[in-house]
There are 2 protein chains.
Amino acid sequence: MLKISKKADYALMALQHIASVQFGDVTPGRVVNTKEIAEEYNIPLELLAKVLQVLSKQGLIESHNGPKGGYLLARSARQITIAQIIESIEGPLAITDCSHEKDGDFCMQREHCNIRTPLLKIQDSIYQLLNNMTLGDMMGGTPLITIQSPSAQGVER
Amino acid sequence: MLKISKKADYALMALQHIASVQFGDVTPGRVVNTKEIAEEYNIPLELLAKVLQVLSKQGLIESHNGPKGGYLLARSARQITIAQIIESIEGPLAITDCSHEKDGDFCMQREHCNIRTPLLKIQDSIYQLLNNMTLGDMMGGTPLITIQSPSAQGVER
DNA sequence: TGATCTCCGATCAATATGGTCGTACTAAGA
DNA sequence: TCTTAGTACGACCATATTGATCGGAGATCA
Ligand code: FES
Ligand code: FES
């Protein structure tokens with residue numbers, strides 16, 4: 001039902017946490033280790049570890065080895081979008097499994113499919129939505145989503 | 001990865017088909033039976049049947065029994081939104097599994113969860129998106145989604 | 001050198017999903 | 001009224017995805 005996976009969920013929490021530590025008034029620039037996050041949010045340690053590994057491989061965070069090691073944001077919180085985070089974990093956003101189909105075209109219904117185009121548009125809109133929101137936005141009390149309410153003039157209802 | 005289930009996919013195709021038959025120039029008001037749709041779009045017959053049953057139980061389409069039976073839209077194509085169709089099949093839209101949590105609150109991370117509010121906003125936006133688009137919109141060549149482009153100023157990247 | 005971290009790959013269990021079958025019920029038409 | 005073409009319904013299995021676990025290897029610092 002259009003659900004985000006738990007791993008991606010954890011990724012969001014973790015990044016959010018790291019960001020708030022780095023940006024925070026106390027000990028800015030401090031590295032955060034896996035255990036700290038896992039305990040804070042009740043996330044299974046090993047699973048979180050794996051998630052963080054992926055994130056670092058994708059270049060969203062930097063890892064520092066050895067004792068006193070841990071993770072650090074690779075860039076500013078305002079330059080990391082929700083879309084990037086989710087896609088790092090779950091792969092490219094695909095609302096239907098034939099969204100990003102190669103020319104090979106293995107979708108049985110493709111030939112007469114009457115809903116492909118509109119669905120792709122929807123997918124695109126969702127992507128925009130996720131890509132317009134950054135980690136920074138999630139932290140601050142700043143207005144989060146600019147799409148729906150007043151800006152939705154032009155569209156009805 | 002934020003995917004729509006195949007069943008919902010089939011539901012969309014089927015409704016779209018029924019709508020286009022009813023709205024079409026030829027044989028308007030004709031009932032459409034399961035087999036016809038299944039063959040047209042290469043959908044496994046029994047599965048489609050089950051999907052249609054659910055849709056009719058949800059009141060989106062009417063079923064007519066017996067020979068020469070089949071399905072008919074219950075209301076105008078413009079009054080059926082994509083959100084309604086998808087939710088009929090997959091249940092209420094929940095971007096994360098603790099979205100619609102009762103007060104019982106079984107989510108382990110709820111206590112310190114730092115991403116709940118923003119995620120709920122995103123979910124809401126997606127819902128708006130799906131609920132602003134009707135079957136009618138999908139059929140006609142009318143501009144489908146009006147949300148993204150202009151309103152997305154303000155934030156960007 | 002040893003303790004404390006991250007890194008990586010393999011693996012298992014639970015759940016959700018896609019798909020199938022068999023039977024009962026209903027209405028049209030011969 | 002009997003047959004037939006259709007839906008209604010529920011149980012069922014197979015497979016894919018996801019969540020979660022384990023074990024060891026490599027790095028860094030005291
Ligand atoms: S479902 Fe694959 S192309 Fe429409
Ligand atoms: S994940 Fe359940 S409340 Fe945030």
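Labels below follow one simple rule: chain letters A, B, ... track the order of the sequence lines, proteins then strands, and each chain is numbered from 1.
- When the P atom of D:dG19 is taken as reference, atom CG of A:Asp9 falls 9 Å away, rounded to whole Å.
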List the atom pairs, with distances to 0.1 Å, where a side-chain N or O of residues 48-56 of chain B and a protein N or O form a donor-acceptor pair under 3.5 Å, not counting sequence neighbours.
| unit_1 | atom_1 | unit_2 | atom_2 | d |
| --- | --- | --- | --- | --- |
| B:Ser56 | OG | B:Gln53 | O | 3.3 |

Taking only distance into account, with no hydrogens and no angle test, what donor-acceptor pairs under 3.5 Å do side-chain atoms of residues 32-42 of chain A form with protein atoms, sequence neighbours excluded?
| unit_1 | atom_1 | unit_2 | atom_2 | d |
| --- | --- | --- | --- | --- |
| A:Asn33 | OD1 | A:Glu36 | N | 3.1 |
| A:Glu36 | OE1 | A:Arg30 | NH2 | 2.6 |
| A:Glu36 | OE2 | A:His17 | NE2 | 3.2 |
| A:Glu36 | OE2 | A:Arg30 | NH2 | 2.9 |
| A:Tyr41 | OH | A:His17 | ND1 | 3.0 |
| A:Tyr41 | OH | B:Asn114 | ND2 | 3.0 |
| A:Asn42 | ND2 | B:Met108 | O | 3.3 |

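- Each ring pair (Phe, Tyr, Trp, His ring centres under 6.0 Å) pair with one or both residues in residues 54-85 of chain A, not counting sequence neighbours, would appear here, but there are none.
- One can place CD of B:Glu39 at 14 Å from C1' of D:dA5, the figure rounded to the nearest angstrom.
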Output one letter per nucleotide in nucleotides 3-11 of chain C: B when a protein non-hydrogen atom lies under 4.0 Å from the base, S when only the sugar-phosphate is that close, - when neither is. -BBSBBBB-

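- B:Glu87 has its side chain within reach of B:Leu93: a pair of non-hydrogen atoms, C-beta onward, lies under 4.5 Å apart.
- Put simply, the side chain of A:Leu60 reaches to within 4.5 Å of the side chain of A:Arg75, judged on heavy atoms.
- The CG atom of B:Leu48 sits 14 Å away from the C1' atom of D:dG6 (whole-angstrom rounding).
- Here the side chains of A:Leu130 and B:Ile122 are in contact, with some heavy-atom distance below 4.5 Å.
- Between the side chain of B:Gln22 and the backbone N or O of B:Leu73, at least one donor-acceptor pair lies under 3.5 Å.
- D:dT21 atom P lies 12 Å from atom NZ of A:Lys6, rounded to whole Å.
- One atom, CD1 of B:Ile4, and another, C1' of C:dA16, lie 16 Å apart when rounded to the nearest Å.
- Applying the 4.0 Å criterion to OP1 and OP2 of C:dG18, one finds that B:Tyr10 has every side-chain N and O outside that range.
- In this structure, CD1 of B:Ile61 is placed 11 Å from C1' of D:dT7, rounded to the nearest angstrom.
- Annotation: side chain of B:Thr96 is not in contact with side chain of A:Ile4 (no heavy-atom distance under 4.5 Å).
- The salt bridge (Lys or Arg N to Asp or Glu O under 4.0 Å) check on B:Lys3 picks up nothing, with sequence neighbours excluded.
- Residues of residues 86-97 of chain A that place a heavy atom closer than 4.0 Å to DNA chain D do not occur.
- Taking atom CG of B:Leu45 as the reference point, atom C1' of C:dG18 lies 15 Å away to the nearest angstrom.
- At whole-Å resolution of the value, CD in A:Glu46 and P in D:dA20 are 11 Å apart.
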